[in-house]
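Just below is one structure, and these are the notes that go with it.
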Amino acid sequence: MSIRLYDTATREVRDFVPLEEGRVGVYVCGLTVQSEPHVGHVRSAVNFDVLRRWLTHRGFAVDFIRNVTDIDDKILTKAEVQGRPWYNLAYDMKRELDRAYAALNVLPPTYEPAATGHVPEMVALIEQLIAKGHAYAAEDGTGDVFFDVRSWPGYGALTHQRIEDMEAAEDADPRGKRDPRDFALWKGRKSTEPETASWPSPWGPGRPGWHIECSAMAGKYLGQAFDIHGGGVDLRFPHHENELAQSRAAGHGFAAYWMHNAWITTAGEKMSKSLGNSLLIPAVLERFRGIELRYYMVAAHYRSTVEFSFEALGEAAVAFRRIEAFVERAADAVGGLPEPGIACADFVQAMDDDLGTPAAVAAIHEVVREGNKLLAGGDGPALRGNLASVLAMLDVLGLHPADPAWGEEKGDDRMAAVVEALVSGLLQQRAEARAEKDFATADAIRDRLKEAGVEITDTPDGQKWSLA
RNA sequence: GGUGGGUUGGCCGAGAGGCGAGGCAACGGACUGCAAAUCCGUGUACACGGGUUCAAAUCCCGUACCCACCUCCA
């Protein structure tokens with residue numbers, strides 16, 4: 001069975017057939033680095049990271065490009081308000097973003113092109129569009145260049161809208177536009193804007209419009225035609241529609257599949273910078289581990305809206321710890337963590353079906369239950385295979401507990417040694433008390449340790465303890 | 001006005017014509033000195049009203065409510 005993916009353009013789940021056998025080119029719209037990343041941003045990254053990992057798992061060589069928009073109106077205005085250079089703001093936020101990605105075990109893309117590094121490519125593409133009669137330089141002397149929406153019959157194809165039905169943008173300032181829906185490919189420099197934010201072009205100094213960057217960069221790194229283009233649902237229109245129009249008008253095949261992830265909402269509304277209801281990543285990570293947040297995201301389907309709440313995140317964390325605890329116990333029993341093995345059939349089937357991560361997660365839980373039974377039976381080889389399978393599935397979802405991405409256990413070795421000594425001393429006393437059936441004393445010790453945050457469990461192999 | 005998406009048990013969250021995903025919580029049972037963990041078991045869920053069908057949470061029609069996009073936005 002092959003991988004099937006939901007394609008926004010055709011509005012159906014269809015078989016994924018790569019343009020070139022064994023190879024997949026994926027372009028995902030990254031962020032405009034104008035402020036700190038919130039949970040929603042990271043969801044998009046996690047969703048597409050899972051796509052990438054699954055494609056890789058299925059044997060494809062994946063070229064994964066995720067861009068960074070490091071120049072745009074907002075960056076300029078925010079930087080001005082903050083009284084610092086725009087490139088400093090963008091760079092700072094880019095580093096924040098990298099930290100957030102790393103905290104969630106989002107793999108670095110094959111390459112992460114920045115808009116400012118690809119102005120010549122964009123200029124070349126705009127020139128092509130002008131030559132083909134799909135773009136024009138405004139005649140008002142602003143230096144703006146617009147895409148001529150009316151010149152491209154396919155405009156609206158991605159989101160199935162007719163130009164006539166679209167509300168004209170109100171911001172316009174129709175300036176030099178022939179049609180209010182025409183969008184900027186190039187923005188002539190305004191006298192109020194810093195000189196550092198402009199580049200030379202045939203139309204005078206200026207900077208690229210938002211949409212053209214992705215067309216130019218996708219073309220540069222993935223070729224004129226590539227397999228999958230992804231991003232958040234809000235990008236369908238106008239961003240992706242515009243990208244598609246530009247690229248096709250320039251004669252490029254562009255993306256064969258369009259994938260869009262849904263929102264994480266808070267109080268029923270989408271989380272967004274402009275609404276000011278963003279839940280920033282560091283704030284969440286103060287309460288939950290990155291791996292738990294990632295599990296929470298992966299446990300829902302990428303096309304479903306997730307109403308974020310700490311309660312739900314807490315439940316997800318408990319569910320994940322169940323898996324994690326099994327991995328620990330099983331590894332203990334088998335004498336270490338085996339290499340990831342073979343994912344179970346249900347898991348594969350779920351993932352092949354438009355990245356059905358919820359069903360995939362359910363499959364993991366089933367295997368864990370089997371594993372827990374094996375654990376009780378002490379069946380070595382079977383348990384080992386079972387654990388290896390669980391690890392393989394977790395790995396595909398980016399949830400392998402031992403993945404170095406989650407970082408080393410932080411802590412002071414000397415302090416740990418002291419704690420170990422103190423706790424084992426108490427456990428020794430408790431064991432003696434229990435041997436003498438002095439349960440009052442035994443329970444008192446257990447309670448005291450629990451208050452200190454140490455959880456004791458009695459197992460056939462004696463007492464085990466862990467930090468609660 | 002146009003275009004999409006949604007409404008599932010106490011909660012989260014899948015599914016998309018027939019066998020009740022999975023998790024959390026709850027309640028029983030096994031195990032345990034008691035716990036914890038684990039295992040086994042327990043739920044008359046699919047917004048509302050009609051319809052199609054032998055069979056509908058799933059298809060059709062209608063209604064209500066919610067969300068998103070059409071302006072920067074994952």
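These figures come from a predicted structure and were not determined experimentally. By convention in this document, chain letters (A, B, ...) are assigned in the order of the sequence lines, proteins followed by strands, and residues within each chain are numbered from 1.
- Pair assignment for B/rA37: none, as no Watson-Crick or G-U wobble contacts are both less than 3.5 Å.
- The base-pairing partner of B/rA26, taking Watson-Crick or G-U wobble contacts with both distances under 3.5 Å, is B/rU42.
- Between the side chain of A/D458 and the base of B/rC34, a donor-acceptor pair under 3.5 Å is found.
- Using Watson-Crick or G-U wobble geometry with both donor-acceptor distances under 3.5 Å, B/rC54 finds its partner in B/rG18.
- For CZ of A/R14, the number of neighbouring non-hydrogen atoms (other residues, nucleotides, ligands) closer than 6.0 Å is greater than 12.
- Classified by interplanar angle (parallel below 30°, tilted 30° to 60°, perpendicular above 60°), the ring pair A/F347/A/W54 is perpendicular.
- A/R446 contributes a side-chain N or O that forms a donor-acceptor pair with the base of B/rA35 under 3.5 Å.
- Seen from the ring of A/Y296, A/R43 does not count as a face-on cation partner, given the 6.0 Å and 45° thresholds.
- With hydrogens and angles ignored, no donor-acceptor pair closer than 3.5 Å exists between the side chain of A/K373 and the base of B/rC39.
- Between A/F254 and A/F226, the angle of the ring planes goes over 60°, which puts this pair in the perpendicular group of the 30/60° scheme.
- Base pairing annotation: B/rU63 forms a Watson-Crick or G-U wobble pair with B/rA47, both donor-acceptor distances under 3.5 Å.
- B/rC69 and B/rG2 make up a base pair, with Watson-Crick or G-U wobble contacts both under 3.5 Å.
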